[in-house]
Amino acid sequence: MPFMRGVMPIRRTFFYLEQGRVVFRDDVKVFCLGYHQRPEPHQKGAKEFIFWHWAQLQFRNPYIQLVKLKNFTVTPFAMAFLKDGREVLFDLEGKSKDEIVDMFNGTLGKTKLCLQREALESKYSVAGFGDNHPRQCICEIQGQQPCTSLVKAPDYMCGRWRWNHQGAKLKRNKRII
Amino acid sequence: MVQTKWLETLKLASNFKTAKDAEMLLGLVVQLSRIGLKRTSIGKIKCPWNKFDDWTKKYWVESEYFWAYDQKSLIKQGDWVIIKPMLHVDSPIKSIRPITHEVEKVVFPFGNRVDPVTKKLAYELKFADDIEFKRNLIVDVIEKPFEEDSLLFDQKRELQAQKIKELKSKDLSKSEDNN
């Protein structure tokens, strides 16, 4: 952790961000949380949740809009807006940050089973090539075009030939390529 | 391989999709206007959007502004509203301002806020009921005894102390009943 600035800089590490426990369901599009700047003992949980877990929440849910509402209302609350138009309201008064995390997980979070299944489904497709796939390039396979770093490709494969070829010159005005 | 994994995490963190692609947004109405022959109202809405900074590895709020079409004229300045991207835009409206969204509903109207959990009015982090109750108490206990002109100063003070005693005994009896 080379850049140790601020309060609790561990929160600014990828390792910490990946540890986020709450992954919202696909229905949830907007999530807002009202907390207090100077909380009383029964309002502390919301502020601590934001301090420790807000960045994690956004990291694990990159396409949800998270909105912080400071000194908004008397009771600390959270509101989730679903795709259908439904609203889910949470009362965070008198709860600690861990209880709040469990609450979010229980109502709107994806279960471990669901996450495991998604991880398996998102694994690389065997038909693909590249960094995250078993085969780097199609030139590795027998019967395919050899690697152009070793063997020069035929002329008709180059854009130079395609745009400057006799046939292409005549048709260029009509923009047929 | 380590580098590619780092890039993947960076991509995830920087939520590549911008607020324009979001299916739903919560925002504050910052400006109002009217357009067209029918003078339909539109609003400029400020939507907070968290952007990830690669160097500090923190999420910073960079708000995005959208103009939203408000056919039913629900909104006023200062409301918190939900917006959705508008798919079918009539051509004369589109040409005047870059209207991309449509107002769906008002979530927190402007003014003294109604607590969503308790549904009570609140003035600056205190419930309206509590404020009124306190005010009435002060009037009953402190100010009313002093309004009785026939009494002397010490007698008025005795009256005040008597009232405080009564209130305290009431509280005790209530708590006893509960227990």
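Quick note on labels: first sequence line is chain A, next is B, and so on, each numbered from 1.
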Could you check whether atom [atom1] of [X] has more than 12 heavy atoms from other residues, nucleotides or ligands sitting under 6.0 Å from it?
| X | atom1 | result |
| --- | --- | --- |
| Arg5(A) | CZ | no |
| Arg117(A) | CZ | no |
| Lys76(B) | NZ | yes |
| Phe133(B) | CZ | no |
| Glu124(B) | CD | no |
| Phe51(A) | CZ | yes |

Between Lys105(B) and Gly85(A) (side chain of the first, backbone of the second, donor and acceptor by atom type, cut-off under 3.5 Å), is there such a pair? yes

Can a donor-acceptor pair be found, under 3.5 Å and without considering hydrogens, that links the side chain of Gln65(A) to the backbone of Leu26(B)? yes

Spatial distance of atom [atom1] ([X]) from atom [atom2] ([Y]) [nearest 0.5 Å]:
| X | Y | atom1 | atom2 | answer |
| --- | --- | --- | --- | --- |
| Glu23(B) | Lys83(A) | CD | NZ | 4.5 Å |
| Met24(B) | Lys29(A) | CE | NZ | 8.5 Å |
| Phe81(A) | Leu25(B) | CZ | CG | 11.5 Å |
| Leu17(A) | Lys58(B) | CG | NZ | 11.5 Å |
| Leu121(B) | Thr73(A) | CG | OG1 | 12.0 Å |
| Leu66(A) | Asn50(B) | CG | CG | 6.0 Å |

Report yes or no: do [X] and [Y] belong to one cluster of Ile/Leu/Val/Met/Phe/Trp/Tyr joined by side chain heavy-atom distances under 4.5 Å?
| X | Y | answer |
| --- | --- | --- |
| Tyr65(B) | Trp49(B) | no |
| Met79(A) | Leu108(A) | no |
| Phe104(A) | Val23(A) | no |
| Val30(A) | Phe77(A) | yes |
| Val88(A) | Phe24(A) | yes |

Compare every heavy atom of Phe90(A) with every heavy atom of Val117(B), then report the nearest pair and how far apart it is. CG2-O, 4.4 Å

On a heavy-atom basis, which atom in Val74(A) and which in Leu125(B) lie closest, and how many Å separate them? CG2-C, 3.7 Å

Sort Val107(B) into side chain, backbone, both or neither according to what part of it lies under 4.5 angstrom from a heavy atom of chain A. side chain

Below 4.5 Å from any heavy atom of chain A, which atoms of Lys126(B) appear? Answer side chain, backbone, both or neither. backbone

Part of [X] within contact of chain B (heavy atom distance under 4.5 Å):
| X | result |
| --- | --- |
| Leu82(A) | backbone |
| Glu93(A) | neither |
| Lys68(A) | neither |
| Leu89(A) | side chain |

List the steps, then state whether side chain to side chain contact (heavy atoms under 4.5 Å, CB included) holds for Tyr59(B) with Trp54(A). CA-CA 9 Å; Tyr59(B) 282 102; Trp54(A) 194 246; over 6 Å; no

How about Phe108(B) and Phe72(A): are their ring centroids closer than 6.0 Å? yes

